[in-house]
Amino acid sequence: MSAPAATAPAIDPSFPSVWEEIVWRGLVHVSTNEDELRELLSGPPIVYYCGFDPTAPSLHLGNLVQLLLMRRLQLAGHRPLGLVGGSTGLIGDPRPTAERTLNDAAVVAEWVGYLQAQVARFLSFEGENAARLVNNLDWTAPLSAIEFLRDVGKHFRVGTMLKKDAVSARLNSEAGISYTEFSYQILQGMDFAQLYREYGCILQTGGSDQWGNLTSGIDFIHRTEGVSAHAIGTPLITNSDGTKFGKSEGNAVWLDPTMTSPYAFYQFWLNTDDADVIARLKVFTFLSRAEIERLERAVADEPFRREAQRVLAWEVTSIVHGADAASGAIAASEALFGQGDLSALPADVLESALRELPHTTTTPGSGIAQLLVDTGLTSSLGESRRAIAQGGVSVNNAKVDDESAVLDDAALLHGMAVLRRGKKSFAGVFVE
RNA sequence: GGCAAGUUACCCAAGCGGCCAAAGGGAGCUGACUGUAAAUCAGCCGUUUUCAACUUCGGGGGUUCGAAUCCCUCACUUGCCA
């Protein structure tokens, strides 16, 4: 099977406006007045923004929802401001469960650079509605504590602030909340107001868990500028079986290819549950309504073909990592999961497939148990032994049944070995 | 600042001097069944040189033949009072 043609990002012309499209895609969970938003989005270009805090060296799948929403609005003619929170990242958005650990300022600054590069990949910086990257550290760093309290703090009522979901959840939990995190919503409110003053920004998008922070900016703008700004909160993406979306083998799925390989990324999407795949296509691809409805019928009629999953995996992987990387991921997947035996694969095909996987280089006669640890398939020798004892490990598709087995030359294919744990976890071993 | 309660493995949570590497649930892993799906059933789930040893129950110190369990101290969290 060859890679399908990549779909160029576009809005679906069958909708009256981009508002109807994003509603159909299930991207609007909460928002300010719907009629006003519809009118705003179908009118002349407006300026909108979405913020990303540097709490890690890379964005993840939750952020991808926002990035694609930004892109959809830009394709509809509006002008995006991509904000990376150089200052808010130093404070930390309150999570409902527990206080965050503060990150070192130098580390946050480094992450800001990584995130800006990632955000930039999803937006166009050309034309009438060219995107712009902004950093809230630019306007918060020069602010003195006195200015902050007099000019900003005076507009925020503690009663209102206490009612925000994240804050009240924390107040009602045994974790409590620090003054630092309590103040977060003020910073985000300031951002929106600042972007309104500087760029005329009147719409902010974000996850629905950010709703309190979004409205905080709307209130602030209303009090200081007398203008009604808008916000759209996207739904939290959940799996129908109740597990957390965006986790693969317990780890977050990152957009950075060095943190989550394109192969692992592709596999993540390919493994989407039937019950979720259509909703994912709507949110994470630019496919038209007609095409998605066709795939919906395909899932109903021929679920075993998993066409919707294949299309989804291809589309999202190409959007995030490019068509070449996506093709590579497909090739590797087909080599590893294909029907034919591995020994039939040409050396170069096998090698490029293994390069997509976690891999290690070793010398002849290494213990299988140790190789499992080296490639990350297991986290300890004990776990390796257990996996082997349970019949879950194979080398080049030959089951390993001895816990102390070593990698012998006879088992190698062109000096390489495909280490497999369970049904879906693979790693490459190169023997020199 | 005072008083009280609490801090247990990825998460929640039992344990309250030896029977504790630590109940139970969730998550995770493997096997069977499958469609690289879901559901279900079974097993695993601190480390290691695995009939045994070693390191863990917020940090440090102490009592004891023996501590997650008792005492002291420090840190943090929560509640009430100021």
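By convention in this document, chain letters (A, B, ...) are assigned in the order of the sequence lines, proteins followed by strands, and residues within each chain are numbered from 1.
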Whole angstrom is fine here: how far is it from [atom1] in [X] over to [atom2] in [N]?
| X | N | atom1 | atom2 | result |
| --- | --- | --- | --- | --- |
| A:Arg421 | B:U36 | CZ | C1' | 16 Å |
| A:Arg95 | B:C11 | CZ | C1' | 13 Å |
| A:Gln309 | B:G35 | CD | P | 14 Å |
| A:Asn271 | B:U34 | CG | P | 18 Å |
| A:Trp269 | B:G35 | CH2 | P | 25 Å |
| A:Leu171 | B:C80 | CG | C1' | 16 Å |
| A:Leu270 | B:A37 | CG | C1' | 10 Å |
| A:Leu372 | B:U30 | CG | C1' | 13 Å |

Only pairs with both distances under 3.5 Å count, Watson-Crick or wobble alike; so what is the partner of [N] in this structure?
| N | answer |
| --- | --- |
| B:C41 | B:G31 |
| B:U77 | B:A5 |
| B:C70 | B:G62 |
| B:U36 | none |
| B:U49 | none |
| B:A21 | none |

* Proximity to RNA chain B (any heavy atom under 4.0 Å), residues of residues 381-393 of chain A only ->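 Hits under 4.0 Å, by residue number: A:Leu381, A:Gly382, A:Arg385, A:Arg386, A:Gln390, A:Gly391, A:Gly392.
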* A:Thr234 and A:Gln66: side-chain donor and acceptor closer than 3.5 Å? ->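 Checked: A:Thr234/A:Gln66 side chains pair up, N/O donor to acceptor below 3.5 Å.
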Answer yes or no: is there a donor N or O on one side and an acceptor on the other, between the side chain of [X] and the main chain of [Y], under 3.5 Å?
| X | Y | answer |
| --- | --- | --- |
| A:Gln118 | A:Leu59 | yes |
| A:Glu181 | A:Ile177 | no |
| A:Thr317 | A:Trp314 | no |

* Asked: Can you tell which of B:A37, B:G35, B:U30 lies closest to the side chain of A:Asp273?
  ->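 Given the options B:A37, B:G35, B:U30, the side chain of A:Asp273 is closest to B:A37.
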* Asked: What's the closest nucleotide to the A:Lys423 side chain, out of B:A37, B:U34, B:U30?
  ->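 Of all the options, the side chain of A:Lys423 is nearest to B:U34.
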Whole-Å [atom1] distance, [N] and [M]:
| N | M | atom1 | result |
| --- | --- | --- | --- |
| B:G58 | B:A68 | C1' | 12 Å |
| B:G79 | B:U47 | P | 37 Å |
| B:C11 | B:C19 | P | 25 Å |
| B:G60 | B:A9 | P | 15 Å |
| B:A67 | B:G18 | C1' | 9 Å |
| B:C16 | B:G6 | P | 14 Å |
| B:U78 | B:C71 | P | 24 Å |
| B:U49 | B:A53 | C1' | 10 Å |

* Asked: Is there side-chain contact between A:Trp269 and A:Val253, with at least one heavy-atom pair below 4.5 Å?
  ->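 Contact flag for A:Trp269/A:Val253 side chains = no.
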* To do: Using a strict 4.0 Å threshold on nitrogen-to-oxygen distance, state whether A:Arg355 and A:Glu351 make a salt bridge.
  =>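 Yes, A:Arg355 and A:Glu351 are salt-bridged.
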* Step by step, would you call A:Tyr266 with A:Phe337 a ring-ring contact (aromatic ring centres under 6.0 Å, His included)? -> CA-CA 13 Å; A:Tyr266 177 86; A:Phe337 288 94; 9.8 Å; no
* Asked: Side-chain donor or acceptor of A:Gln267 under 3.5 Å from a matching atom on the base of B:U36?
  ->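 Looking at the base of B:U36, it does pair with a donor or acceptor on the side chain of A:Gln267 (distance under 3.5 Å).
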* Asked: Which part of the nucleic acid, if any, lies within reach of A:Asp274 when heavy atoms closer than 4.0 Å are counted: base, sugar-phosphate only, or nothing?
  ->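 Answer is base: heavy atoms of A:Asp274 come under 4.0 Å of a base.
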* Asked: Just checking A:Thr378: base, sugar-phosphate only, or nothing, at a heavy-atom cut-off of under 4.0 Å?
  ->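 Answer is nothing: A:Thr378 stays at 4.0 Å or more from every strand.
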* Asked: CG of A:Asp138: more than 12 outside heavy atoms within 6.0 angstrom?
  ->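 For A:Asp138, atom CG is crowded (more than 12 foreign heavy atoms under 6.0 Å).
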* Would you kindly compare A:Ser380 and A:Pro303 by the position of their nearest RNA chain B nucleotide and give the one closer to the 5′ end? =>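 Its nearest nucleotide being more 5', the pick is A:Pro303.
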* Using a cut-off of strictly less than 4.0 Å, decide whether A:Lys424 has a side-chain nitrogen or oxygen near OP1 or OP2 of B:C29. =>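 False: A:Lys424 side-chain N/O out of range (4.0 Å or more) of B:C29 OP1/OP2.
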* Between A:Phe284 and A:Phe268, is the ring centre distance below 6.0 Å? ->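 Distance test on ring centres: not under 6.0 Å, no.
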